[in-house]
Amino acid sequence: QTIAKMLDFYSQFNPSPLSIKKFIDFGLNASEKKSFVFLRKELPVRLANIMKEIALLPENLLRMPSVIAVNDWYMRSFQEIMEFEKKDPNDQILEHFCNELVKIRNRHSDVVETMAQGVLELKESHDVDHHTEHSIQYFLDRFYMSRISIRMLINQHIHLFPALLFGGQVENVPGPNRSKYIGCIDTQCDVVGVIRDAFENARFLCDQYYLASPDLIVDVARHPDFESDQDINIVYVPSHLYHILFELFKNSMRAVMEYHGSVDQYPPLTVTVAKGKEDICLKMSDRGGGIPRSTTDHLFKYMYSTAPQPSKSDAHTVPLAGYGYGLPISRLYARYFHGDLVLMSCEGHGTDAVVYMKALSNEANELLPIFNKTTSKFYRTIVQTGDWSNQATNIGDRQMSTRL
Ligand code: W6P
C-alpha cells in the first residue's frame, strides 16, 4: 500500500467532531483500548483531510523550503500512525502508541512559526496577488484549526493514559481525590483566575518594556435574581482560554501605553465576565485610543501581520510583539468549540474585545475543516468581482467614473 493510496482512502472520511461533553464522557468511561481504536482511525482521517488541502496550495508556496518541511512532518506522522492500522491492541502496542503520539506532538510543535516562515519566503521571492493572498488566508485558518483539533485529541489520550507514569490512569481515581481535570479539560475552570493569570504575565512583559502598566478591573456581571457571590466556573480547556486572553492583554496594554505616553496614571483595562444561558462572554475594554474601523478586519489576516520578525537575540525590544499570528490564532481557539472572538474599536477612544464561549458543554462542539469538492473548488475559483461601488476590484467602473 502506497502512502498516496492511504491518503486517498482516509481523506474520503469526514472528521468526527466531539463536544466537550463527549470528551468528558470519553475520559470518564472509555478504556485505553477504545481510545486507541478511535484515534488510529480519527487521526489519519484528520491528517489526510488537511494534507489533501496542503496539496492544493498555490504552487509557488508549495515550493518554499519551510512548507516542504511542514509537509514532510505530516507525511511522516501519517505513516507512523498507519503502522497501528492492523495491530492487536495489547499492552505493549498501547504503550508504543502513546510514545508515538508524544513523538508526533513534539515533531509538530513549531508548525505555526514554520508556516509563517514559508509565507514570508513566498512574499520575499514572489509578488503575491489578491487571489493567492485570499487562498492563503482560507488555508491557514483551516490548517491551524485542524492542528488545534489534532493536538487536542493527542493530548487527551496522553493525559488520560500516560504510558510511563505509574503504568496507567492517574486522573480517573474516584472519590475525593478525583481531579477536576479530564485530560486538559478543567470541569471547574475558574474564569476569573485565568483572566488574572493572563493579565499578570502580560503585565510582566509590559513593565519590562514600558516600566509601567495599566491596572486590571474584573467585573463579574450578575443577574439581579442571583445575588450569590459565586465564582464563575466553566467546563473548558484553560490553556486555550489563557492563550486568547494573554494575546488580548498584550494588545490592550501596548495600545494604552503607546496612546498615553508618559503619565502618572494609565486608564485601567476592564474585563466584564458574564454567564448567560447560552453564552459565556468576556469583554476586555481598553482606553488605548482604538484603531480605525478599516483596520479591524486586517488584524485577523495572516498576510497583513507577516512582517519579518526581529531576531530572537534582541528579545527585549519586542516584549509586546506586534500583531503576529496571535489574533487570528486566538480567534481559532475561540471558534474551535463554537465560540468566537470579536473586536470592536472606537478610533480616538479604545477597543473592546469580546470572547464568546458556549455555556453548555454539549453545545461546545469541535469546529473542524472538512475536505470535499467545495474545498478544491475554492482554491481554483477566482475572487468574485463585487457589485458595490466601494469595491476596488471594479477597475472598469472606476476608470469610467474618473473619466466623467
Ligand atoms: C487596540 C488594538 C487591539 C487589538 C486587540 C485587542 C485589543 C486592542 N486594542 O488598540
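All of these numbers come straight from a predicted model, not from anything done at the bench. For the numbers below, each heavy atom of this structure counts, side chains included, while hydrogens, waters and symmetry mates do not. Note that ligands are numbered from 1 as they come in the structure, with each ligand's atoms numbered from 1 the same way. Along the sequence shown, the residues carry numbers beginning at 1.
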- [ ] Can you run down the side-chain hydrogen bond (donor to acceptor under 3.5 Å, both in side chains) pairs that involve residues 67-76, sequence neighbours left out, and say none if there aren't any?
- [x] none
Task: CG (D127) with more than 12 external heavy atoms under 6.0 Å - done: no
TODO: Answer yes if the ring centres of F161 and H157 are under 6.0 angstrom apart, and no otherwise.
DONE: yes
Open item on the list: When you compare ligand 1 with S252, is there at least one nitrogen or oxygen pair between them that comes in under 3.5 angstrom?
Closed with: no
Task: Ligand-side contact atoms (ligand 1) for residue partner A255, heavy atom cut-off under 4.0 Å - done: 1 (C), 9 (N), 10 (O)
TODO: Kindly identify the option in N251, D286, L341 whose heavy atom sits closest to atom 9 (N) of ligand 1.
DONE: D286
Open item on the list: To the closest 0.5 Å, what do you measure between CG (N233) and OG1 (T187)?
Closed with: 9.0 Å
